[in-house]
Each structure stands twice: as C-alpha cells, then as structure tokens.
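We count ligands from 1, going down the list as the structure has it; atoms in each ligand are counted the same way. Since we're looking at a predicted model, the values are computed, not measured. This chain uses plain numbering: 1 for the first residue, then up along the sequence.
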Amino acid sequence: MATNRVKGTYDVLPNESHQWIMLEQKIRDILSLYHMREIRTPMMEYSNVFHRESEGSDMVTKETYDFVDRSNRALTLRPEGTAGVIRAYVENKLYTSQELEKVYYIGPNFRYERPQKGRYRQFYQFGVEAIGTVDPALDAEIVILAYDFITRLGLKGVKVRVNTLGNEVSRTAYQKALVSHFTPYKDELCSDCKVRIDKNPLRILDCKIDHKHQAVINAPTPLDLLDDLSKEYFDDVISYLDAAGISYEIAPKLVRGLDYYSHTVFEIEADIEGFGAQNVLGGGGRYQNLVKELGGPDLGGIGFAFGMERLLMAIEASHVNFSKDLELDCFVITMSKDLRKIATKLLYDLRSQNYVADMNYTDKSFKGQFKQALRLEAKYIVILGEDEYQRGVASIKNTKTEIQEEVKLEDIVKYLMEKLEN
Ligand code: AMP
C-alpha cells in the first residue's frame with residue numbers, strides 16, 4: 001500500500017498552516033480595497049478549456065494532468081487559473097451585468113513539471129482578472145495592485161518589471177522579426193525552439209535551455225516594433241504608474257511565455273539573498289482573444305497570478321515577522337472523571353468568551369499533564385485537584401511569572417478574563 005505523498009506535492013503541517021491562513025487573509029483584505037470579489041471555479045474543467053487550438057505553451061501541451069472520467073469525458077486538472085475564470089465569466093454571462101468584472105481567486109493548480117525547490121506538481125496561486133474594459137489606466141491599476149501587495153507583505157528586494165507586446169499589428173510584426181532573426185540559428189537551438197520558430201517564436205525568449213544563446217540575448221525587443229497606437233497605449237500605462245509613484249522598471253526583453261498576451265506584460269521578481277533560482281513570484285498581462293475563444297464576446301481582460309509557495313519563501317527569506325502560531329490561553333489539568341466534568345463546563349465557558357482553551361483527555365499523571373501544558377505554551381494552567389475542589393477552589397498558574405493563586409471555582413472565568421485582558 002502506498003503511504004507516501006504523491007511526487008511533487010507537500011503537506012502543510014499544523015505548525016505551518018498559520019502562515020497560509022495569514023497570507024490568504026492578507027490577500028482577501030488587500031484585494032477588497034481594490035473592489036475585487038472572489039470567484040471560485042472547479043479544480044477540473046473539460047479539457048478543451050485549456051487545450052485550445054491557439055494555446056501551445058509547455059504548460060498546456062506537456063504538463064497538464066489529463067484524464068477521462070467514468071463516462072469517458074475528457075477532463076483536465078487546472079494548470080492555471082485564468083482559463084477557468086474566463087469559462088465561468090462566459091458561461092454565466094457576467095458581461096451582461098457589468099462592463100468591467102474584477103475578480104480574484106485562490107486555489108491549487110496542477111502541472112506535471114520536474115519538482116524542485118519552489119516548483120511543485122500541486123501548487124497554489126492567487127490571481128486577479130479584470131475583464132471587459134481595455135484602458136491603460138486599468139493595466140496600470142493591476143500593476144499597482146501587484147506592487148502594493150508585495151509592499152504590504154513587507155518584502156524588500158522585490159522588483160516589478162513591465163513591458164508591452166503591443167496590439168495585434170505590433171505583435172505580428174514582432175513575431176515576423178523574430179522569425180527572421182532566429183532562422184539563421186535554427187540548427188543551434190534546442191529541439192523545442194526549432195519548432196517554436198514557426199509556431200510561436202516569442203517563446204524562444206523564455207526558453208530555459210537556450211536563454212544564454214547569443215541569438216536570444218541579441219534578439220529584437222517588442223519595443224523596437226511598436227506601432228503608434230501601441231506606443232501611445234504603453235506610454236499611458238507608464239504615466240499612470242508614475243502618477244501613483246510606485247517603483248518599477250521597464251524590461252524590454254520581458255515577453256512571458258503564454259500565447260494570449262497583448263499590450264502590457266509584467267513580472268514580479270524577488271531579488272532576495274539566498275532566495276534561489278525560482279525567483280519569479282508572479283506575473284501577468286493583458287489578453288484579447290481568450291474571452292472570444294471560450295465562446296464569449298470580443299472583450300479583453302488583464303490579470304496576474306502569484307505563486308503562494310514562493311511568496312511564503314520570500315517572506316521567510318526577508319525575515320518578515322509575518323504570523324504567529326495559534327496561542328493557547330489556558331490549559332486545564334484534572335485528575336478524576338468527576339473533575340473532568342467541571343473542566344468541561346469551564347472550557348465551554350472560556351471558549352464562549354473567545355479564549356483558546358484545552359485540556360488533557362487521558363489519565364496522564366499530574367506531572368505529565370503539567371509538562372504537556374508547558375510544551376503547548378499555555379499562558380495559564382488551571383489545576384483542578386481533589387483537595388482544592390473540596391475547598392471550592394482551583395489553583396491558577398501564570399506560566400510566565402510562575403505566580404500561582406487560588407481562585408474560587410465560580411470566579412475562574414472572571415479571573416482569567418481579567419488576567420488575559422492585560
Ligand atoms: P505562471 O502561471 O506560469 O505564469 O506562473 C505564475 C507564478 O506561479 C510563478 O511566478 C510562480 O510563482 C508560480 N508557479 C508556477 N508554476 C509553479 C510550480 N510548478 N510550483 C510552484 N509555483 C509555481
């Protein structure tokens with residue numbers, strides 16, 4: 001019987017989950033300031049949501065978990081968030097109620113990649129999509145949001161890199177220029193890139209194998225081939241970023257691997273010491289054809305996605321004081337079944353007052369229970385001993401000051417409330 005986790009997956013253990021909870025909370029808090037609401041779509045979709053004719057990225061062609069269900073339907077575990085969100089947007093005709101729909105999502109994605117630090121087969125992303133409006137101010141808002149988010153996390157040494165691919169006309173011109181540029185080097189490129197020259201030369205620029213080849217280093221950039229409209233659009237985006245006063249850099253070589261981007265593309269990179277090779281925390285861009293391709297009207301959108309494991313790694317590498325594990329206010333020690341009933345009522349009353357309280361559920365010795373309370377770092381220990389009970393009191397010990405006091409049974413909750421308030 002297999003008892004190991006699936007390759008490329010990991011467990012979030014109870015002493016680690018508080019970081020995830022805090023990160024998710026921050027995401028929700030910050031995104032609501034941008035007037036974004038959460039959307040939750042299924043983890044599996046019909047395969048054609050991802051396997052679209054125009055989509056030729058490695059993520060979709062080589063890395064998806066595809067399977068047929070018991071009724072022979074072709075399904076895919078989502079490798080990314082955007083396509084499912086757009087499918088839901090189209091299917092539920094969200095475009096009829098709002099001209100701009102701003103949503104965010106948090107959830108696991110699945111990709112059959114080679115696992116390494118910061119790269120898993122099940123990983124979490126949170127992302128946003130703003131669908132329905134094409135305007136440079138909106139592109140800027142999404143970049144500003146990404147910047148605001150990492151700044152609020154307290155991450156230092158994080159860079160926002162922005163570029164444009166231009167509109168359809170500029171992008172086509174750029175693709176042509178890349179084909180002419182790379183064709184003389186075809187024999188020297190990796191087998192994937194040989195195919196990419198004709199299918200999608202942009203992706204050569206993101207190739208993990210050829211990225212040091214002179215032809216890649218010296219390739220033309222999208223900025224060289226922008227038409228006037230695209231240039232104006234990008235200048236506007238930049239002027240909005242400047243108006244907000246965020247820091248960013250223009251990265252002429254940034255294209256991002258996906259096929260559907262146009263106009264603004266951007267990436268968030270961690271330049272944190274000791275962070276490691278997988279240093280892209282997230283990225284995104286504007287897309288024009290996706291809504292139409294998934295059966296909706298001709299509307300554009302813009303979005304980004306952050307990898308949550310990498311955000312947590314960046315938080316750790318930046319030594320940000322991020323979140324605390326659950327704190328135990330009170331631990332009750334009892335030595336008999338009868339007294340456990342008193343303890344049960346006491347715990348119920350404390351929890352009713354929103355204190356974190358617990359006890360031992362075995363017949364462990366007094367010493368054993370005391371040690372357990374200290375190991376759990378309880379702030380107070382209530383000792384309900386037989387002797388004390390006969391006298392109508394319990395002993396309460398402050399584990400920090402080691403001061404122990406006797407308190408009347410009926411006053412225990414009040415006593416702890418007063419102490420814990422301070
Ligand atoms: P992508 O959807 O490929 O643009 O990725 C967006 C972000 O998701 C990346 O910058 C990473 O932070 C994260 N990411 C992508 N793939 C993985 C993976 N296999 N494991 C962990 N994080 C990932």
Check your understanding: Relative to ligand 1, is E267 under 4.0 angstrom through side chain, backbone, both or neither, heavy atoms considered?
Key -> neither

**Study point:** Sub-4.0 Å atoms of ligand 1 with respect to non-hydrogen atoms of R119
**Key:** 18 (C), 19 (N), 20 (N), 21 (C)

Practice item. Could you say whether the N/O atoms of F306 and ligand 1 ever approach to under 3.5 Å? Key: no

**Study point:** Spacing of I403 atom CD1 and K419 atom NZ [to the nearest 0.5 Å]
**Key:** 7.0 Å

Exercise for review: Pull out every atom of ligand 1 sitting under 4.0 Å from any heavy atom of G282, numbered as shown with elements.
Suggested key: 10 (O)

Check your understanding: Of all the heavy atoms in G283, does at least one lie under 4.0 Å from an atom in ligand 1?
Key -> no

Review point. Knowing that exactly one of Y104, Y105, F149 qualifies, which makes a ring-ring contact (aromatic ring centres under 6.0 Å, His included) with F126?
Key: F149

Review point. With only distance considered, is L281 within less than 3.5 Å of ligand 1 through an N or O on each side?
Key: yes

**Study point:** Rounded distance (nearest 0.5 Å) linking atom CZ of R121 with atom CZ of R114
**Key:** 10.0 Å

Check your understanding: At what distance, to the nearest 0.5 angstrom, does OG1 of T133 lie from CD of E101?
Key -> 10.5 Å

Review point. Quick one: does E80 get a heavy atom under 4.0 Å from ligand 1?
Key: no

Review point. Charged N to carboxylate O under 4.0 angstrom, D192 versus K208?
Key: no

Review point. Which ligand 1 atoms are under 4.0 Å away from a heavy-atom of E113?
Key: 16 (N), 17 (C), 18 (C), 19 (N)

**Study point:** From R111, M59, R114 - option closest to atom 3 (O) of ligand 1 by heavy atom
**Key:** R111

Check your understanding: Do any heavy atoms of R256 fall under 4.0 Å from ligand 1?
Key -> yes

Point to revise | R340 and D363 ion-paired at < 4.0 Å | key: yes

Check your understanding: G307 heavy atoms, cut-off 4.0 Å: which ligand 1 atoms fall inside?
Key -> 7 (C), 8 (O), 12 (O), 13 (C)

Revision key, fill the gap. In short, P222 meets N163 closest at the heavy-atom pair CG-ND2, 3.8 Å

Exercise for review: Could you check R111 against E80 for salt bridge (charged side-chain N to carboxylate O under 4.0 Å, His left out), going step by step and ending with a plain yes or no?
Suggested key: CA-CA 9 Å; R111 294 184 196 172; E80 53 95 23; over 6 Å; no

Review point. Based purely on interatomic distance, does E309 place a nitrogen or oxygen under 3.5 Å from a nitrogen or oxygen of ligand 1?
Key: no

